[in-house]
Amino acid sequence: MNLLLKGVTIADPNSPFHEKNCDVRVVQGKIASIQDKLSPQKGEEVIEGNGAVLSPGFFDLNCLTGDPGFEAKEDLESVAAAAQAGGFTGLTLMPQTKPVVHSKAQVAYLVNKAAGYLVDIHPVGAISQDLEGKELAELYDMKLAGAVAFSDGAKPVVDDGFMSRALQYSKGVNGLLMVHPENKSIAGKSQINESKTSVLLGMKGVPALAEEMQISRDIFLAAYHDAPVHISTISTAGSVGLIRKAKKDGLKISCDVAAHQLVFTEELLNDFDSNYKVKPPLRSKTDIKALLAGLKDGTIDAVSSQHRPHEPEHKQVEFEIAAYGIIALQTVLPLLLKAGLTVNQIVEKLSINPRQLLGLSVPVIAEGEPANFTLFNPSQTWVYNQAQNYSLSSNTPLLGETLTGKVQMVYNNNQFQVYG
């Protein structure tokens, strides 16, 4: 169906219409015309912008579904539905499913099953067989099958020599390693940030040192091999400083931060609410301040959802045995607005940079370009209740809350979805 978007403000630094209020016509999946005023044509659906922002479709660098193996948590259809409701027209899927996505067969399964969705779904292949950190997975074959990067998900690559060999091999196949920053020997089995809060709660804390030591190692290896490394979901002020220096030194280091790490602090754990149990753990206000500064100065390349769905029996239990993670695809935009990011910063960190890191085509809001965009209103409020939750899981502390920042529609692959 053809569309006419009336009175939208375009937010796309790659577009000649950046920051202009325009009407946008979409015909058969392409942007046909952008002008100050366009008159509706017969058979055309009209969408009133009313001050909404039109940006390239959001893209998520760190998402997990349950398919294959744990479809009760989340399947491909539900993760796509949650993603597009959150404004995402593309995402990567982490490999820690059952079976692990560590061969071309599993990559091909995901690619083929998600074909035809509005949301572009890109598998991330495992670095190691079964995420054990011992033997390299089929990196080259997985890349040929459609894997856009390689990661062992929430499991850090522990062995230094193995990480070195993985970097050498991934460089040879022009692949990107996305690694979880945690030194297991330092972190141990601790589950919250090491601070006054952990002492108050009587729980052993994870020191920032555990994250920063792992990042330091990966920076050294990236320099030695002249190979790219992406650090997933950093959380400490020290991590920002290490990566800032590495970038100044010209190293091929990139990183992202989960949206919830920019708003939630460790004090929220005082009631032992397992919905706030995430990995890396929630940190301090000082860390949040450093993360926001890193986003603004370009040290942190992107924001991710770190979407982690779980059944109630894995979250509605004692804090110490609860699973890590929250569902997050639908709440990234409101959290970024609450954290104080501008619309242009959100577009850079959610739409443009994630695709550039993976070498994917970046959508442009321009005439003749394929229509791949998100329409959102930064000031509109909405209630995130169970009726508005498109995930199969409900593990989020934000369910039932009134949020600011509403996705009004998404368009991609000649398909669109409007949200009231």
Side-chain angles (χ1 to χ4, degrees), residues 1-41 44-61 83-84 86-91 118-120 122 254 256 295-298 300-303 332-333 336-337 341-380 405-419:
M1 181 180 290
N2 298 338
L3 292 177
L4 178 61
L5 308 182
K6 298 285 292 181
V8 298
T9 299
I10 295 173
D12 178 7
N14 297 319
S15 170
F17 301 94
H18 180 49
E19 297 185 334
K20 294 181 179 179
N21 189 274
C22 303
D23 292 354
V24 179
R25 171 165 285 130
V26 180
V27 178
Q28 295 181 355
K30 286 193 174 183
I31 298 174
S33 180
I34 303 177
Q35 296 182 28
D36 287 340
K37 297 292 181 181
L38 290 170
S39 299
Q41 297 178 349
E44 196 170 56
E45 182 166 342
V46 178
I47 306 292
E48 295 291 343
N50 296 323
V53 174
L54 187 71
S55 76
F58 300 161
F59 190 98
D60 187 33
L61 279 175
Q84 63 191 45
F88 294 92
T89 61
L91 56 81
L118 183 154
V119 179
D120 298 321
H122 301 275
S254 59
D256 68 77
L295 279 169
K296 292 173 183 177
D297 69 17
I300 301 176
D301 300 272
V303 175
V332 170
L333 175 63
L336 294 188
L337 290 166
L341 270 68
T342 66
V343 165
N344 287 339
Q345 288 168 341
I346 290 171
V347 171
E348 177 190 4
K349 305 301 181 180
L350 270 190
S351 300
I352 297 172
N353 288 2
R355 290 181 171 93
Q356 288 180 338
L357 287 169
L358 298 174
L360 299 174
S361 176
V362 178
V364 179
I365 309 297
E367 294 178 346
E369 293 289 329
N372 182 341
F373 56 71
T374 298
L375 182 69
F376 65 95
N377 190 321
S379 60
Q380 183 177 349
K406 181 74 166 63
V407 172
Q408 294 186 341
M409 75 168 295
V410 286
Y411 195 114
N412 187 34
N413 295 327
N414 200 16
Q415 303 173 56
F416 69 93
Q417 181 66 48
V418 178
Y419 298 95

Geometric class of the His122/Phe59 ring pair [parallel <30°, tilted 30-60°, perpendicular >60°]
tilted
So, does Gln408 use its side chain to make a donor-acceptor pair with the main chain of Leu375 at under 3.5 Å?
no
Set of residues satisfying side chain to side chain donor-acceptor pair (under 3.5 Å) with respect to Glu45, sequence neighbours excluded
none
Any donor-acceptor pair under 3.5 Å linking the side chain of Lys6 with the backbone of Leu38?
yes
I'd like to know if the side chain of His18 and the backbone of Asp12 have a donor-acceptor N/O pair within less than 3.5 Å.
yes
Distance (rounded to the nearest 0.5 Å) between Ile346 CD1 and Leu341 CG:
5.5 Å
Whether Lys37 and Asp23 form a salt bridge (side-chain N of Lys/Arg under 4.0 Å from carboxylate O of Asp/Glu) is what I want to check.
no
How many angstroms lie between atom CD of Gln356 and atom OG of Ser254, to the nearest 0.5 angstrom?
11.5 Å
Can you tell me if Asn412 and Asp120 form a side-chain donor-acceptor pair at under 3.5 Å?
yes
Do any N or O atoms from the side chain of Lys349 and from the backbone of Ile300 form a donor-acceptor pair under 3.5 angstrom?
yes
Donor-acceptor pair, side chain of Ser351 and main chain of Pro56, under 3.5 angstrom
yes
Asp301: salt bridge (charged side-chain N to carboxylate O under 4.0 Å, His left out) partners, not counting sequence neighbours
Lys247
Side chains of Phe88 and Val332, heavy atoms from C-beta outward: is any pair under 4.5 Å?
yes
To the closest 0.5 Å, what do you measure between CD1 (Ile10) and NZ (Lys20)?
9.0 Å
Sequence-distant partners of Asn353, side chain to side chain donor-acceptor pair (under 3.5 Å), two or more places apart:
none
Rounded distance [0.5 Å steps], CZ in Arg25 versus CD1 in Ile31:
13.0 Å
Pairwise side-chain contact, Thr9 with Asn21, heavy-atom cut-off 4.5 Å (strictly under)
yes
Straight-line distance of Thr374 OG1 to Tyr411 OH, nearest 0.5 Å
13.5 Å
Is any side-chain heavy atom of Phe376 closer than 4.5 Å to one of Ser55?
yes
